[in-house]
Amino acid sequence: MIRRIYLTSMLNDAVIDYCSLSRFQLHHGKARCSKSTSVFFSVMEERSSIVKTPLNNVLAQRRSKSYRRSMRSCVEATNLGYTSGHLTVLRIPRSRRTPKSRDITKQVDPDQVALLVRKEWELSYVTPLYQFRHTQLKSYSKHLSAFIVSEKQQGLAIEVGQELGFKVNFSVVLGLAETDEDAETVFIQILSRQAFAAKDDAQKVVWSGWLTCVNGDLEFLRSLPSEFVSLPLLCTRGPESLTVLVKSWFEKTFDCCFGPLGINSANLQWLAALWIGCHPTINIQYLKLVWTLPTLPPMDVKYTIHPQDAWELWDSVRQDDTTDVSIEEVTRFIKGLQSHFFRHFRIELSAGSLKQVSTALGSSHHSGKIKIASPTYITTILQLLTECALLKMPI
Amino acid sequence: MSLLKPFSKLPGLNTANILLVENEEQFQQKLADTVVLQEKTVNVNVRLARSLPLPMENEESRPRIDLVVFIIHLTSELSFQSAETSLKYLDPGYFQGKVCFLVTSARNVSVPPERLVSVRKLAASLHCPLLCAEDQTTEGVTTAAHRLLAILKVAAGLVPMATGLYLSTLTRCTVPSDIDQQNFE
(Lines give C-alpha, C1' and ligand atoms only; values in the text may rest on other atoms or scores of the structure.)
Protein backbone atom coordinates (compact mmCIF):
# COMPACT_ATOMS: atom_id res chain seq x y z
CA MET A 1 0.00 0.00 0.00
CA ILE A 2 1.57 3.24 -1.03
CA ARG A 3 0.19 6.51 0.07
CA ARG A 4 1.39 9.83 -1.23
CA ILE A 5 0.69 12.98 0.66
CA TYR A 6 1.51 16.44 -0.58
CA LEU A 7 2.28 18.96 2.10
CA THR A 8 2.99 22.58 1.39
CA SER A 9 5.70 23.76 3.68
CA MET A 10 4.84 26.97 5.42
CA LEU A 11 8.37 28.20 5.44
CA ASN A 12 9.13 28.03 1.77
CA ASP A 13 7.60 26.72 -1.41
CA ALA A 14 9.23 23.26 -1.39
CA VAL A 15 6.92 20.38 -2.11
CA ILE A 16 7.53 17.35 0.03
CA ASP A 17 6.83 13.92 -1.31
CA TYR A 18 6.03 11.58 1.50
CA CYS A 19 5.94 7.94 0.57
CA SER A 20 5.10 5.32 3.10
CA LEU A 21 5.43 1.72 2.28
CA SER A 22 3.69 -0.74 4.52
CA ARG A 23 3.89 -4.41 3.93
CA PHE A 24 1.55 -6.81 5.52
CA GLN A 25 2.76 -10.32 5.97
CA LEU A 26 0.43 -13.04 7.00
CA HIS A 27 1.88 -15.94 8.92
CA HIS A 28 -0.59 -18.56 9.92
CA GLY A 29 -3.30 -16.11 10.73
CA LYS A 30 -1.08 -13.59 12.52
CA ALA A 31 -0.56 -10.32 10.74
CA ARG A 32 2.86 -8.78 10.97
CA CYS A 33 3.32 -5.33 9.61
CA SER A 34 6.68 -3.96 8.85
CA LYS A 35 6.79 -0.44 7.78
CA SER A 36 9.60 1.42 6.19
CA THR A 37 9.19 5.03 5.52
CA SER A 38 11.29 7.13 3.28
CA VAL A 39 10.96 10.79 2.84
CA PHE A 40 11.94 12.59 -0.32
CA PHE A 41 12.52 16.28 -0.47
CA SER A 42 12.22 17.82 -3.88
CA VAL A 43 13.07 21.43 -3.71
CA MET A 44 11.52 23.81 -6.17
CA GLU A 45 13.60 26.81 -5.32
CA GLU A 46 16.48 27.76 -3.16
CA ARG A 47 15.92 26.68 0.39
CA SER A 48 16.98 29.19 2.98
CA SER A 49 15.00 28.34 6.04
CA ILE A 50 13.82 24.83 6.74
CA VAL A 51 12.87 23.05 9.90
CA LYS A 52 13.09 19.28 10.20
CA THR A 53 10.71 17.63 12.62
CA PRO A 54 12.00 14.47 14.30
CA LEU A 55 10.57 11.25 12.91
CA ASN A 56 10.16 9.71 16.34
CA ASN A 57 8.63 11.30 19.36
CA VAL A 58 11.13 11.95 22.11
CA LEU A 59 9.91 10.01 25.11
CA ALA A 60 9.88 11.76 28.43
CA GLN A 61 10.65 9.79 31.58
CA ARG A 62 8.96 11.18 34.62
CA ARG A 63 10.57 11.03 37.99
CA SER A 64 7.66 11.54 40.32
CA LYS A 65 3.98 11.98 39.73
CA SER A 66 3.19 14.79 42.10
CA TYR A 67 5.16 17.40 40.29
CA ARG A 68 4.74 20.79 41.78
CA ARG A 69 0.98 20.93 41.45
CA SER A 70 0.75 23.37 44.26
CA MET A 71 3.42 25.57 42.81
CA ARG A 72 2.02 25.62 39.30
CA SER A 73 0.54 29.06 39.73
CA CYS A 74 3.71 30.59 41.02
CA VAL A 75 6.35 29.35 38.58
CA GLU A 76 6.89 29.87 34.89
CA ALA A 77 8.23 26.97 32.84
CA THR A 78 10.97 27.95 30.46
CA ASN A 79 13.68 25.39 29.88
CA LEU A 80 12.93 21.79 29.27
CA GLY A 81 16.02 19.69 29.19
CA TYR A 82 17.52 16.30 29.84
CA THR A 83 19.84 15.83 32.76
CA SER A 84 21.30 12.36 32.73
CA GLY A 85 18.19 10.81 31.28
CA HIS A 86 15.59 12.50 33.44
CA LEU A 87 13.43 15.29 32.17
CA THR A 88 14.05 18.32 34.31
CA VAL A 89 12.35 21.62 33.98
CA LEU A 90 14.00 24.68 35.38
CA ARG A 91 11.41 27.17 36.32
CA ILE A 92 11.52 30.87 36.95
CA PRO A 93 9.70 31.65 40.18
CA ARG A 94 6.97 34.24 40.02
CA SER A 95 6.99 34.88 43.73
CA ARG A 96 9.63 34.67 46.38
CA ARG A 97 9.55 34.57 50.14
CA THR A 98 10.15 37.86 51.90
CA PRO A 99 13.66 37.86 53.24
CA LYS A 100 14.06 37.73 56.98
CA SER A 101 16.98 39.54 58.39
CA ARG A 102 19.24 36.95 59.88
CA ASP A 103 22.44 37.27 61.71
CA ILE A 104 24.53 35.15 59.43
CA THR A 105 27.43 35.28 61.86
CA LYS A 106 25.62 32.75 63.99
CA GLN A 107 26.02 30.20 61.24
CA VAL A 108 29.19 31.28 59.54
CA ASP A 109 32.52 32.27 61.00
CA PRO A 110 32.61 36.11 61.09
CA ASP A 111 36.11 36.24 59.65
CA GLN A 112 35.00 34.27 56.65
CA VAL A 113 31.94 36.45 56.24
CA ALA A 114 34.23 39.47 56.23
CA LEU A 115 36.06 37.92 53.29
CA LEU A 116 32.85 37.84 51.25
CA VAL A 117 31.28 41.21 51.96
CA ARG A 118 32.27 44.70 50.94
CA LYS A 119 34.04 43.53 47.82
CA GLU A 120 32.94 43.60 44.24
CA TRP A 121 32.71 40.15 42.71
CA GLU A 122 32.44 39.13 39.11
CA LEU A 123 30.02 36.27 38.46
CA SER A 124 30.28 33.16 36.30
CA TYR A 125 28.31 29.97 36.12
CA VAL A 126 29.92 26.54 36.51
CA THR A 127 28.62 23.20 35.29
CA PRO A 128 28.74 20.37 37.87
CA LEU A 129 32.21 19.29 38.95
CA TYR A 130 33.22 15.67 38.50
CA GLN A 131 34.77 14.00 41.55
CA PHE A 132 35.36 17.13 43.52
CA ARG A 133 36.04 16.17 47.11
CA HIS A 134 35.80 18.62 49.94
CA THR A 135 38.35 16.46 51.83
CA GLN A 136 41.13 16.86 49.29
CA LEU A 137 41.39 20.63 49.36
CA LYS A 138 45.05 20.61 50.41
CA SER A 139 46.12 18.56 47.43
CA TYR A 140 44.02 20.81 45.18
CA SER A 141 45.87 23.83 46.58
CA LYS A 142 49.24 22.30 45.77
CA HIS A 143 48.22 21.29 42.26
CA LEU A 144 46.70 24.65 41.47
CA SER A 145 49.73 26.57 42.67
CA ALA A 146 52.03 24.34 40.62
CA PHE A 147 49.79 24.84 37.61
CA ILE A 148 49.76 28.62 37.97
CA VAL A 149 53.51 28.85 38.34
CA SER A 150 54.12 26.53 35.41
CA GLU A 151 51.78 28.56 33.22
CA LYS A 152 53.42 31.79 34.24
CA GLN A 153 56.88 30.41 33.50
CA GLN A 154 56.32 28.46 30.35
CA GLY A 155 58.90 25.80 29.62
CA LEU A 156 60.19 25.24 33.13
CA ALA A 157 59.32 21.97 34.85
CA ILE A 158 57.71 22.55 38.23
CA GLU A 159 57.45 19.94 40.93
CA VAL A 160 54.32 19.79 43.03
CA GLY A 161 55.14 20.75 46.60
CA GLN A 162 58.12 22.94 45.82
CA GLU A 163 58.51 26.36 47.37
CA LEU A 164 56.83 28.58 44.83
CA GLY A 165 56.16 32.23 44.27
CA PHE A 166 52.42 31.62 44.31
CA LYS A 167 50.62 29.95 47.14
CA VAL A 168 47.00 28.84 46.88
CA ASN A 169 44.62 28.35 49.76
CA PHE A 170 41.47 26.30 49.41
CA SER A 171 39.12 26.55 52.35
CA VAL A 172 35.55 25.66 53.13
CA VAL A 173 33.04 28.24 54.32
CA LEU A 174 30.65 26.26 56.42
CA GLY A 175 27.15 27.45 57.07
CA LEU A 176 26.17 29.16 53.83
CA ALA A 177 24.49 26.09 52.39
CA GLU A 178 20.78 26.16 53.11
CA THR A 179 19.48 22.69 52.31
CA ASP A 180 20.94 19.22 52.55
CA GLU A 181 21.43 19.07 48.81
CA ASP A 182 23.63 22.17 48.68
CA ALA A 183 27.35 21.57 48.65
CA GLU A 184 29.47 23.60 51.03
CA THR A 185 31.00 26.80 49.76
CA VAL A 186 34.64 26.61 48.74
CA PHE A 187 36.82 29.68 49.05
CA ILE A 188 40.02 30.02 47.05
CA GLN A 189 42.76 32.52 47.67
CA ILE A 190 45.95 33.06 45.74
CA LEU A 191 48.75 34.67 47.65
CA SER A 192 51.94 35.91 46.18
CA ARG A 193 55.06 37.52 47.38
CA GLN A 194 55.45 41.05 46.15
CA ALA A 195 58.37 41.83 43.89
CA PHE A 196 61.29 43.27 45.83
CA ALA A 197 59.77 42.23 49.14
CA ALA A 198 61.99 41.23 52.00
CA LYS A 199 62.26 37.53 52.73
CA ASP A 200 60.09 37.57 55.82
CA ASP A 201 57.28 39.71 54.47
CA ALA A 202 53.89 38.05 54.49
CA GLN A 203 52.38 37.11 51.16
CA LYS A 204 49.56 39.25 49.92
CA VAL A 205 46.27 38.05 48.49
CA VAL A 206 46.32 38.82 44.78
CA TRP A 207 43.24 36.86 43.73
CA SER A 208 40.26 35.40 45.51
CA GLY A 209 37.23 33.49 44.40
CA TRP A 210 34.50 31.29 45.78
CA LEU A 211 32.21 28.58 44.49
CA THR A 212 28.85 28.32 46.08
CA CYS A 213 25.40 26.83 45.88
CA VAL A 214 22.65 28.29 48.06
CA ASN A 215 19.17 26.77 47.90
CA GLY A 216 19.68 25.34 44.46
CA ASP A 217 16.84 23.74 42.53
CA LEU A 218 16.22 20.49 44.44
CA GLU A 219 14.92 18.59 41.45
CA PHE A 220 18.07 19.36 39.51
CA LEU A 221 20.46 18.62 42.35
CA ARG A 222 18.82 15.29 43.08
CA SER A 223 18.94 14.25 39.46
CA LEU A 224 22.72 14.55 39.28
CA PRO A 225 24.71 11.31 39.45
CA SER A 226 26.55 10.78 42.70
CA GLU A 227 30.05 11.62 41.43
CA PHE A 228 29.08 15.15 40.52
CA VAL A 229 29.11 18.10 42.89
CA SER A 230 27.19 21.15 41.82
CA LEU A 231 28.52 24.54 42.85
CA PRO A 232 26.98 26.62 40.10
CA LEU A 233 28.01 30.11 41.14
CA LEU A 234 31.59 31.34 40.91
CA CYS A 235 32.51 34.80 42.22
CA THR A 236 35.96 36.10 41.38
CA ARG A 237 38.00 39.14 42.17
CA GLY A 238 41.44 39.84 40.85
CA PRO A 239 43.47 40.03 37.67
CA GLU A 240 41.89 38.49 34.59
CA SER A 241 45.00 36.41 33.80
CA LEU A 242 44.75 34.55 37.10
CA THR A 243 41.00 34.03 36.66
CA VAL A 244 41.62 32.42 33.29
CA LEU A 245 44.31 30.16 34.77
CA VAL A 246 42.10 29.05 37.66
CA LYS A 247 39.21 28.33 35.29
CA SER A 248 41.37 26.30 32.92
CA TRP A 249 42.75 24.27 35.84
CA PHE A 250 39.22 23.52 37.01
CA GLU A 251 38.17 22.59 33.50
CA LYS A 252 41.06 20.16 33.17
CA THR A 253 40.75 18.64 36.63
CA PHE A 254 37.00 18.39 37.08
CA ASP A 255 35.69 18.38 33.50
CA CYS A 256 33.43 21.38 33.91
CA CYS A 257 32.64 24.46 31.86
CA PHE A 258 32.63 28.08 32.85
CA GLY A 259 30.68 30.91 31.35
CA PRO A 260 29.91 34.53 32.09
CA LEU A 261 26.80 35.17 34.12
CA GLY A 262 24.91 38.38 33.56
CA ILE A 263 22.09 39.63 35.75
CA ASN A 264 19.17 40.50 33.51
CA SER A 265 16.80 43.37 34.15
CA ALA A 266 14.15 41.20 35.79
CA ASN A 267 16.65 39.99 38.40
CA LEU A 268 17.95 43.51 38.94
CA GLN A 269 14.38 44.54 39.70
CA TRP A 270 14.07 41.68 42.21
CA LEU A 271 17.25 42.87 43.91
CA ALA A 272 15.95 46.44 44.02
CA ALA A 273 12.71 45.22 45.62
CA LEU A 274 14.69 43.10 48.08
CA TRP A 275 16.83 46.03 49.18
CA ILE A 276 13.96 48.45 49.41
CA GLY A 277 12.06 45.95 51.49
CA CYS A 278 14.87 46.00 54.00
CA HIS A 279 14.52 49.72 54.58
CA PRO A 280 12.62 49.53 57.90
CA THR A 281 15.35 47.41 59.47
CA ILE A 282 18.44 48.86 57.83
CA ASN A 283 18.63 52.33 56.38
CA ILE A 284 19.62 51.92 52.77
CA GLN A 285 20.47 55.61 52.40
CA TYR A 286 19.62 55.79 48.70
CA LEU A 287 18.22 53.76 45.85
CA LYS A 288 20.04 54.33 42.61
CA LEU A 289 18.92 52.87 39.30
CA VAL A 290 20.81 53.28 36.06
CA TRP A 291 19.10 52.86 32.71
CA THR A 292 20.57 52.94 29.23
CA LEU A 293 18.37 54.31 26.50
CA PRO A 294 18.94 53.32 22.87
CA THR A 295 19.28 56.83 21.53
CA LEU A 296 22.05 58.05 19.27
CA PRO A 297 24.41 58.50 21.09
CA PRO A 298 23.21 56.14 23.85
CA MET A 299 21.98 57.97 26.91
CA ASP A 300 22.54 56.85 30.49
CA VAL A 301 19.99 57.85 33.06
CA LYS A 302 20.98 57.71 36.73
CA TYR A 303 17.88 57.86 38.86
CA THR A 304 18.51 58.29 42.58
CA ILE A 305 15.59 58.10 44.95
CA HIS A 306 15.32 59.06 48.58
CA PRO A 307 14.84 55.87 50.58
CA GLN A 308 11.82 57.04 52.51
CA ASP A 309 9.92 57.92 49.32
CA ALA A 310 10.89 54.65 47.74
CA TRP A 311 9.79 52.81 50.85
CA GLU A 312 6.41 54.51 50.85
CA LEU A 313 5.86 53.60 47.21
CA TRP A 314 6.90 50.01 47.90
CA ASP A 315 4.65 49.80 50.91
CA SER A 316 1.65 51.04 48.94
CA VAL A 317 2.32 48.49 46.19
CA ARG A 318 2.72 45.61 48.61
CA GLN A 319 -0.48 43.96 49.58
CA ASP A 320 -0.79 42.73 53.11
CA ASP A 321 0.66 39.38 52.26
CA THR A 322 3.84 39.39 54.30
CA THR A 323 5.21 36.00 53.34
CA ASP A 324 5.60 36.30 49.58
CA VAL A 325 6.65 38.96 47.18
CA SER A 326 5.24 38.45 43.70
CA ILE A 327 6.64 39.61 40.41
CA GLU A 328 3.57 41.74 39.74
CA GLU A 329 4.34 43.83 42.83
CA VAL A 330 7.94 44.31 41.72
CA THR A 331 6.80 45.28 38.21
CA ARG A 332 4.24 47.72 39.60
CA PHE A 333 6.89 49.32 41.81
CA ILE A 334 9.29 49.82 38.91
CA LYS A 335 6.47 51.06 36.66
CA GLY A 336 5.56 53.60 39.33
CA LEU A 337 9.11 54.92 39.35
CA GLN A 338 9.18 55.01 35.55
CA SER A 339 5.88 56.86 35.20
CA HIS A 340 7.01 59.43 37.79
CA PHE A 341 10.14 60.00 35.74
CA PHE A 342 8.09 60.29 32.54
CA ARG A 343 5.82 62.88 34.09
CA HIS A 344 8.76 65.12 34.90
CA PHE A 345 11.14 64.54 32.03
CA ARG A 346 9.02 63.05 29.23
CA ILE A 347 11.47 60.20 28.84
CA GLU A 348 10.00 56.71 28.75
CA LEU A 349 12.48 54.57 30.68
CA SER A 350 10.86 51.29 29.68
CA ALA A 351 12.17 51.88 26.14
CA GLY A 352 15.65 51.32 27.52
CA SER A 353 17.12 48.63 29.70
CA LEU A 354 17.98 48.61 33.39
CA LYS A 355 21.71 48.27 33.84
CA GLN A 356 22.54 48.80 37.49
CA VAL A 357 20.88 48.90 40.87
CA SER A 358 22.67 50.07 43.96
CA THR A 359 21.90 50.94 47.54
CA ALA A 360 23.99 51.19 50.67
CA LEU A 361 23.37 47.46 51.15
CA GLY A 362 24.97 46.49 47.89
CA SER A 363 25.11 47.07 44.20
CA SER A 364 24.60 44.89 41.17
CA HIS A 365 25.46 45.52 37.56
CA HIS A 366 23.91 43.74 34.63
CA SER A 367 27.30 42.59 33.28
CA GLY A 368 27.55 40.28 36.29
CA LYS A 369 29.17 42.30 39.03
CA ILE A 370 27.79 42.21 42.52
CA LYS A 371 28.79 43.83 45.75
CA ILE A 372 27.24 42.87 49.04
CA ALA A 373 27.88 45.45 51.71
CA SER A 374 26.07 43.93 54.62
CA PRO A 375 25.95 40.28 55.65
CA THR A 376 22.35 40.31 56.84
CA TYR A 377 20.61 39.38 53.60
CA ILE A 378 23.48 37.54 51.98
CA THR A 379 21.68 34.21 51.71
CA THR A 380 18.72 35.71 49.85
CA ILE A 381 20.99 37.39 47.33
CA LEU A 382 23.07 34.25 46.90
CA GLN A 383 19.91 32.21 46.42
CA LEU A 384 18.80 34.51 43.60
CA LEU A 385 22.24 34.36 41.98
CA THR A 386 22.43 30.56 42.30
CA GLU A 387 19.09 30.39 40.52
CA CYS A 388 20.39 32.63 37.73
CA ALA A 389 23.48 30.44 37.40
CA LEU A 390 21.41 27.25 37.21
CA LEU A 391 19.12 28.75 34.58
CA LYS A 392 22.00 30.02 32.50
CA MET A 393 23.99 26.82 32.67
CA PRO A 394 23.69 24.57 29.62
CA ILE A 395 22.15 21.33 30.78
CA MET B 1 -13.30 53.16 17.53
CA SER B 2 -11.67 52.87 14.12
CA LEU B 3 -11.03 49.20 13.62
CA LEU B 4 -8.96 47.96 10.73
CA LYS B 5 -11.23 45.60 8.83
CA PRO B 6 -9.91 42.78 6.68
CA PHE B 7 -12.65 42.34 4.09
CA SER B 8 -14.19 45.78 3.68
CA LYS B 9 -12.37 46.50 0.41
CA LEU B 10 -11.86 44.62 -2.81
CA PRO B 11 -8.54 42.89 -3.39
CA GLY B 12 -6.23 43.91 -6.22
CA LEU B 13 -5.21 41.56 -9.02
CA ASN B 14 -1.98 39.69 -8.22
CA THR B 15 -1.33 42.08 -5.34
CA ALA B 16 -0.53 41.54 -1.70
CA ASN B 17 -0.42 44.24 0.96
CA ILE B 18 1.47 43.90 4.22
CA LEU B 19 1.48 46.26 7.18
CA LEU B 20 4.51 46.35 9.47
CA VAL B 21 3.80 47.81 12.90
CA GLU B 22 6.81 48.67 15.03
CA ASN B 23 7.23 51.15 17.84
CA GLU B 24 10.93 51.84 17.27
CA GLU B 25 10.67 52.23 13.45
CA GLN B 26 14.14 50.90 12.77
CA PHE B 27 13.76 47.30 11.57
CA GLN B 28 10.64 47.88 9.48
CA GLN B 29 12.47 49.96 6.87
CA LYS B 30 15.14 47.33 6.22
CA LEU B 31 12.57 44.58 6.17
CA ALA B 32 10.34 46.51 3.76
CA ASP B 33 13.19 47.06 1.31
CA THR B 34 14.18 43.39 1.41
CA VAL B 35 10.61 42.14 1.01
CA VAL B 36 10.02 44.30 -2.05
CA LEU B 37 13.30 43.24 -3.63
CA GLN B 38 12.79 39.54 -3.04
CA GLU B 39 9.37 39.09 -4.55
CA LYS B 40 9.35 39.06 -8.35
CA THR B 41 6.07 37.45 -9.37
CA VAL B 42 3.56 39.23 -7.14
CA ASN B 43 3.08 42.97 -6.54
CA VAL B 44 3.85 43.47 -2.88
CA ASN B 45 3.00 46.76 -1.21
CA VAL B 46 4.52 47.34 2.20
CA ARG B 47 2.97 49.87 4.51
CA LEU B 48 4.71 51.00 7.69
CA ALA B 49 3.13 52.18 10.89
CA ARG B 50 4.29 52.99 14.38
CA SER B 51 1.13 51.82 16.09
CA LEU B 52 -2.56 51.33 15.46
CA PRO B 53 -5.06 52.95 14.93
CA LEU B 54 -4.00 54.13 11.51
CA PRO B 55 -4.71 57.76 10.62
CA MET B 56 -8.19 58.50 9.33
CA GLU B 57 -6.95 60.71 6.50
CA ASN B 58 -5.62 57.76 4.50
CA GLU B 59 -8.70 55.62 5.03
CA GLU B 60 -9.98 56.01 1.44
CA SER B 61 -6.71 55.60 -0.41
CA ARG B 62 -5.44 52.70 1.68
CA PRO B 63 -5.76 49.30 -0.01
CA ARG B 64 -6.95 46.15 1.69
CA ILE B 65 -4.31 44.96 4.19
CA ASP B 66 -3.71 41.22 3.86
CA LEU B 67 -1.22 40.69 6.67
CA VAL B 68 -0.46 42.74 9.78
CA VAL B 69 2.95 42.05 11.32
CA PHE B 70 3.77 43.28 14.82
CA ILE B 71 7.51 43.67 15.29
CA ILE B 72 8.49 43.40 18.95
CA HIS B 73 12.01 44.10 20.16
CA LEU B 74 12.56 42.08 23.30
CA THR B 75 15.23 44.43 24.60
CA SER B 76 12.65 47.00 25.63
CA GLU B 77 9.46 46.57 27.59
CA LEU B 78 7.85 49.47 25.75
CA SER B 79 7.90 47.61 22.44
CA PHE B 80 5.74 44.82 23.83
CA GLN B 81 3.34 47.20 25.56
CA SER B 82 2.85 49.26 22.42
CA ALA B 83 2.08 46.12 20.38
CA GLU B 84 -0.43 45.01 23.01
CA THR B 85 -2.30 48.31 22.93
CA SER B 86 -2.32 48.32 19.10
CA LEU B 87 -4.02 44.92 19.05
CA LYS B 88 -7.24 46.46 20.26
CA TYR B 89 -7.67 48.34 16.99
CA LEU B 90 -7.79 45.25 14.81
CA ASP B 91 -11.04 43.71 13.73
CA PRO B 92 -11.38 40.12 15.06
CA GLY B 93 -11.48 38.89 11.45
CA TYR B 94 -7.76 39.54 11.24
CA PHE B 95 -6.95 36.91 13.84
CA GLN B 96 -7.83 34.10 11.46
CA GLY B 97 -4.47 33.95 9.79
CA LYS B 98 -3.85 37.59 8.92
CA VAL B 99 -1.78 38.59 11.94
CA CYS B 100 1.79 37.58 12.67
CA PHE B 101 4.23 38.42 15.47
CA LEU B 102 7.87 38.98 14.68
CA VAL B 103 10.29 39.07 17.59
CA THR B 104 13.91 40.27 17.50
CA SER B 105 16.85 39.71 19.89
CA ALA B 106 15.31 36.61 21.43
CA ARG B 107 18.79 35.12 21.91
CA ASN B 108 20.16 38.21 23.61
CA VAL B 109 21.68 37.50 27.00
CA SER B 110 20.41 40.66 28.66
CA VAL B 111 16.80 39.97 27.76
CA PRO B 112 14.86 38.44 30.65
CA PRO B 113 13.28 35.17 29.50
CA GLU B 114 9.96 36.20 31.03
CA ARG B 115 9.44 38.69 28.23
CA LEU B 116 9.64 36.06 25.50
CA VAL B 117 7.30 33.85 27.52
CA SER B 118 4.72 36.64 27.74
CA VAL B 119 4.96 37.31 23.98
CA ARG B 120 4.49 33.61 23.36
CA LYS B 121 1.44 33.53 25.61
CA LEU B 122 -0.04 36.48 23.75
CA ALA B 123 0.58 34.87 20.36
CA ALA B 124 -0.79 31.54 21.58
CA SER B 125 -3.94 33.10 22.99
CA LEU B 126 -4.59 34.83 19.65
CA HIS B 127 -3.72 31.73 17.58
CA CYS B 128 -1.08 33.61 15.63
CA PRO B 129 2.36 32.50 14.48
CA LEU B 130 5.41 33.84 16.24
CA LEU B 131 8.58 34.27 14.21
CA CYS B 132 12.00 35.03 15.63
CA ALA B 133 14.21 37.20 13.49
CA GLU B 134 17.78 38.36 13.55
CA ASP B 135 17.77 42.03 12.64
CA GLN B 136 21.48 42.85 12.78
CA THR B 137 22.74 40.80 9.82
CA THR B 138 21.63 40.87 6.18
CA GLU B 139 21.07 37.10 6.14
CA GLY B 140 18.76 37.48 9.10
CA VAL B 141 16.74 40.20 7.41
CA THR B 142 16.57 38.14 4.19
CA THR B 143 15.37 35.05 6.08
CA ALA B 144 12.72 37.06 7.92
CA ALA B 145 11.53 38.61 4.65
CA HIS B 146 11.38 35.17 3.03
CA ARG B 147 9.21 33.78 5.82
CA LEU B 148 6.91 36.77 5.86
CA LEU B 149 6.43 36.54 2.11
CA ALA B 150 5.40 32.90 2.40
CA ILE B 151 2.75 33.76 4.99
CA LEU B 152 1.69 36.87 3.07
CA LYS B 153 1.03 34.99 -0.14
CA VAL B 154 -1.24 32.56 1.66
CA ALA B 155 -3.03 35.34 3.52
CA ALA B 156 -3.60 37.26 0.28
CA GLY B 157 -5.14 34.19 -1.31
CA LEU B 158 -2.44 33.79 -3.94
CA VAL B 159 -1.57 30.18 -3.07
CA PRO B 160 -4.09 27.64 -4.34
CA MET B 161 -5.58 25.19 -1.80
CA ALA B 162 -4.28 27.15 1.18
CA THR B 163 -6.08 29.81 3.19
CA GLY B 164 -4.88 31.94 6.03
CA LEU B 165 -7.06 30.11 8.53
CA TYR B 166 -5.72 26.71 7.47
CA LEU B 167 -2.15 27.93 7.65
CA SER B 168 -2.62 29.49 11.06
CA THR B 169 -3.78 26.18 12.53
CA LEU B 170 -0.44 24.72 11.43
CA THR B 171 1.78 27.62 12.39
CA ARG B 172 0.18 28.90 15.56
CA CYS B 173 2.38 29.44 18.53
CA THR B 174 2.23 27.11 21.50
CA VAL B 175 3.28 27.91 25.03
CA PRO B 176 5.60 25.72 27.16
CA SER B 177 2.85 25.01 29.67
CA ASP B 178 0.94 23.18 26.95
CA ILE B 179 3.85 20.79 26.57
CA ASP B 180 4.02 20.67 30.32
CA GLN B 181 0.41 19.56 30.59
CA GLN B 182 0.96 16.90 27.97
CA ASN B 183 3.95 15.31 29.60
CA PHE B 184 3.06 15.48 33.23
CA GLU B 185 -0.51 14.35 33.24
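First the proteins, then the strands, lettered A, B, ... as listed; each starts at 1.
- Neither the backbone nor the side chain of B:Ser79 has a heavy atom closer than 4.5 Å to any heavy atom of chain A.
- The environment of A:Lys371 atom NZ is sparse: at most 12 non-hydrogen atoms of other residues, nucleotides or ligands sit within 6.0 angstrom.
- By the side chain to side chain donor-acceptor pair (under 3.5 Å) test, B:Asn43 is found to be paired with no residue, residues two or more places apart in sequence or in another chain being considered.
- By the neighbour-count criterion of 12 heavy atoms within 6.0 Å, atom NZ of A:Lys302 is sparsely surrounded, having that number or fewer from other residues, nucleotides or ligands.
- Close approach to chain B, defined as a heavy atom under 4.5 Å from one of its heavy atoms, is seen in A:Glu348, A:Ser350, A:Ala351, A:Gly352, A:Ser353 of residues 341-356 of chain A, taken by number.
- Within the 4.5 angstrom heavy-atom criterion, no atom of B:Val154 approaches chain A.
- Note: B:Arg115 CZ to A:Asn264 CG = 8.5 Å, rounded to the nearest 0.5 Å.
- Heavy atoms closer than 4.5 Å to chain A are found in the side chain of B:Gln81, but not in its backbone.
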